[in-house]
Amino acid sequence: MTAYTDIESHLSALLGYALREAVPEAGAVTVDIERPREASHGDYACSIAMKLSRSLRCNPRQLAQKILAALPPSPMIARSEIAGAGFINLHLHPLAWQQLVPHILALGEQYGHHDSGGGQSVLVEFVSANPTGPLHVGHGRGAAYGASLSNLLAISGFRVFREYYVNDAGRQMDILALSTWLRYLEHCGEPSVFPANAYQGDYVRQMAQAIHLQHGDRYRHSSQALLEHAPAYADAPDGHLDHLIVAAKQTLGDNYSYFHRFALNEQLADCRQDLHEFGVSFDEWFSEQSLYDNGTVQRTLDVLEANGQLYEQDGARWFRSTRYGDEKDRVVQRENGLFTYFASDIAYHLNKLERGFDWLIDIWGADHHGYIPRVKGAMEAMGRNPDQLTIALVQFAVLYRNGQKAAMSTRSGEFVTLRELRQEVGNDAARFFYVLRKSDQHLDFDLDLAKSRSNDNPVYYIQYAHARICRVLEQWGGDPTSLDEADISQLTSPSELDLLRQLAGYPATIRTAARELSPHLVAYALKDIAAALHAYYNAEQFLIEDTSLRDARLALIQATRVVLRNGLTLLGISCPEQM
RNA sequence: GCCCCGGUAGCUCAGUGGAUAGAGCAUUCCCCUCCUAAGGGAAGGGUCACACGUUCGAUUCGUGUCCGGGGCACCA
């Protein structure tokens with residue numbers, strides 16, 4: 001067996017050589033090749049002659065002819081021709097495809113890996129949902145996308161660090177702590193003063209119940225007393241809520257932090273468990289509060305202040321984000337002295353850079369897109385390079401059941417949780433459906449389709465291809481490592497060459513998907529590979545008398561299995577050996 | 001009003017500066033004495049929203065228009 005030749009770089013090098021020989025005046029041009037969709041146009045095509053014809057002032061077909069005449073012979077090229085307006089079409093020798101089988105078997109899980117990242121470090125921050133309740137299906141999409149993208153970058157030569165930003169410092173956490181305490185008071189028998197804009201979900205009642213079970217009436221106070229001097233809810237819902245928070249802090253004293261901490265830990269643990277079951281893990285759960293505790297927020301504002309980026313107006317401190325293309329300046333410190341979320345977010349991004357990452361990726365819900373100019377502006381205002389930050393927006397996912405939109409609203413507690421979705425359709429289908437769409441596009445998630453154990457379901461379609469291969473190899477019963485020596489020159493049937501071409505395209509798909517931050521391309525490639533495998537399965541028999549041909553075919557499906565497994569694993573989907 | 005995202009087959013959506021634009025579902029037809037039919041094969045189905053521009057070449061890039069969806073806090 002001769003060494004493996006990477007076809008695309010081989011052809012591109014040959015054409016580049018021919019171009020320099022035939023048309024030296026063209027200078028140093030990289031010669032791109034493409035896969036024509038029309039089979040009669042060959043396996044690869046090159047349009048360099050048309051691209052250069054204008055600057056060289058010559059006929060593109062003649063130019064192509066000159067390049068072709070200078071093309072060195074290659075065992076990989078069966079024939080070449082000029083077609084259309086000046087395309088050079090290359091038809092490959094089957095060897096070009098066949099050699100892929102031992103190559104894939106040798107590389108195994110490394111097949112598809114590449115090094116375009118060059119060892120750069122990248123921090124991918126995703127999910128980062130407020131720990132104020134269960135994750136819902138919207139977070140699920142960010143989780144699936146972020147996890148798959150991280151995997152994609154990790155096999156593309158990047159050192160990937162996965163991080164979840166925990167918003168444990170803000171008003172939302174206070175609302176959760178308050179909500180928990182108010183439910184606790186109800187448990188103690190106090191009349192309910194629970195406002196409609198506090199967290200309504202059942203999980204709050206459960207936390208309250210757990211606290212009551214453990215501590216009895218220890219934290220009981222008069223609920224009615226909390227309402228004294230409170231603005232009427234109808235007049236000022238937020239003012240009413242804020243008053244209750246202040247009253248809770250005063251009434252509970254040091255015990256307030258118990259509720260705050262309890263609720264935070266409880267929700268965070270739940271979130272972590274949920275994501276863990278979903279196959280999504282993080283290297284770091286980064287606390288927003290820590291940025292206050294260690295002075296990063298203050299230091300950040302000092303830097304901005306020193307750079308002349310802040311000013312005072314109406315009692316608040318503002319950042320001049322309009323200098324950097326934002327629509328209006330933004331408050332970083334309120335009239336009441338409290339910092340805004342934006343202030344700690346600037347500090348967070350500064351912190352990320354100070355940790356030495358070459359590249360930052362933030363995955364946000366698309367509703368935050370208006371937030372981009374101010375964050376990038378803040379980086380610039382601190383003398384940092386905003387291009388080090390890439391923000392990937394993930395659009396909303398809408399669930400459909402029986403063709404009907406499934407209702408979902410946030411605060412009221414009427415939402416479908418990620419956990420419910422996983423239980424209903426399974427982790428594999430959920431992971432797959434989430435990344436089947438481009439992340440920046442709205443996703444209609446068809447629950448009935450995701451649940452169906454039928455040929456309609458693309459997850460099962462791919463997994464079934466994997467399971468079929470496993471069954472064949474199992475029934476054969478031989479040692480798979482012996483297939484490395486199979487005589488792959490016998491793989492010449494149309495369905496075999498189709499399958500080989502699909503497998504050959506996988507590394508390029510990975511490369512493109514990584515460059516475009518688009519794991520959905522991997523999902524589509526897997527569908528194509530599975531389709532080619534199923535077609536092959538129906539066209540040819542594997543377990544046949546002719547052991548030489550049999551081994552060649554088994555080697556091919558074993559290689560297919562490797563690629564399917566690599567792709568499914570990347571997307572966080574299991575590879576069942578039987579179904 | 002401003003800013004994002006979209007408009008491709010009946011439906012849900014891929015896709016690409018190239019030569020005849022794809023897949024699944026749905027519709028019609030065919031294939032298990034054979035390694036899992038959760039499979040395969042075939043047919044029909046299109047003004048790639050519209051106009052203008054850039055280009056040897058535009059569904060792809062740019063501008064404008066129309067139509068959807070989302071966002072525009074001293075919330076996070």
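Just so we're on the same page: letters track the sequence lines, and every chain starts at 1.
Aromatic pair A:H136/A:H139: ring centres closer than 6.0 Å. The ring of A:Y464 has its center closer than 6.0 angstrom to the ring center of A:H534.
Going from atom OH of A:Y524 over to atom P of B:G15 covers 7 Å, rounded to whole Å. Going from atom OH of A:Y311 over to atom C1' of B:C74 covers 12 Å, rounded to whole Å. For the pair A:R437 CZ and B:A23 P, the computed distance is 16 Å after rounding to whole Å. Rounding to whole angstrom units, CZ of residue A:F432 and P of B:G24 are separated by 13 Å. Atom CZ of A:F445 and atom C1' of B:C13 are 15 Å apart (whole Å). Atom CG of A:L449 is separated from atom C1' of B:A26 by 13 Å (rounded to the nearest Å). Here B:A19 presents its C1' atom at 17 Å from CZ of A:R35, a figure rounded to the nearest Å.
For B:U36, the OP1/OP2 oxygens have a side-chain nitrogen or oxygen of A:Q475 closer than 4.0 Å. Proximity of A:R37 to the phosphate of B:A19: a side-chain N or O atom is located under 4.0 Å from OP1 or OP2. When the side-chain nitrogen and oxygen atoms of A:Y461 are compared with OP1 and OP2 of B:G40, one or more of them lie within a distance under 4.0 Å. Applying the 4.0 Å criterion to OP1 and OP2 of B:G15, one finds that A:H520 has a side-chain N or O inside that range. Using a 4.0 Å cut-off, some side-chain N or O of A:R471 falls inside it from OP1 or OP2 of B:U36. Between A:K328 and B:C74 there is a side-chain N or O to OP1 or OP2 distance below 4.0 Å.
Nucleic acid contact for A:D314: base, since at least one base atom lies under 4.0 Å from a heavy atom of the residue. Residue contacts shown for A:Y371 include a base, since a base heavy atom lies under 4.0 Å away. Using a 4.0 Å heavy-atom cutoff across all strands shown, A:S47 reaches at least one base atom of the nucleic acid. No engagement by A:E516 is indicated, since no non-hydrogen atom pair under 4.0 Å with the nucleic acid exists. Within the nucleic acid shown, A:A45 comes within 4.0 Å of at least one base atom, counting heavy atoms only. Within the 4.0 angstrom heavy-atom criterion, no nucleotide atom of any strand lies near A:D32.
Out of B:C35, B:G15, B:C74, the shortest distance to the side chain of A:Y537 is found at B:C35. For A:P36, the side-chain atoms get nearest to B:A19 when compared with the rest of B:A19, B:U20, B:G15. Side-chain atoms of A:A535 lie closest to B:G41 of the nucleotides B:G41, B:A76, B:C34. For A:A83, the listed nucleotide lying nearest its side chain is B:A19; candidates were B:A19, B:G40, B:A38. Side-chain proximity of A:Q172 to B:A76, B:C34, B:C74: nearest is B:A76.
Here A:F542 counts as stacked on B:C35: its ring centre is under 5.5 angstrom from the base ring centre and the planes meet at under 30°. For the pair A:H534 and B:G40, the ring geometry does not qualify as stacking, because the centroid separation below 5.5 Å and plane angle under 30° are not jointly satisfied. Ring-to-base geometry places A:F87 in a stacked arrangement with B:A19 (centre distance under 5.5 Å, plane angle under 30°).
Cation-pi geometry between A:R468 and A:Y537 is met: under 6.0 angstrom from the ring centre, within 45 degrees of the axis.
In this structure, B:C4 is classed as anti because its glycosidic torsion departs from zero by more than 90°.
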Each nucleotide in nucleotides 3-8 of chain B should get exactly one letter: B, S or -. Can you fill that in based on protein heavy atoms under 4.0 Å?
BSS---
Passes side-chain contact (heavy atoms from CB on, under 4.5 Å), A:I363 versus A:L393? Steps please.
CA-CA 6 Å; A:I363 297 173; A:L393 297 178; over 6 Å; no
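Summarising the base pairing, B:A58 is matched to no nucleotide, lacking a Watson-Crick or G-U wobble pair whose two defining distances lie under 3.5 Å.
Residue A:E305 places its CD atom among more than 12 non-hydrogen atoms of other residues, nucleotides or ligands, all under 6.0 Å distant.
Remark: the A:D238 side chain and the B:A73 base include no donor-acceptor N/O pair separated by less than 3.5 Å.
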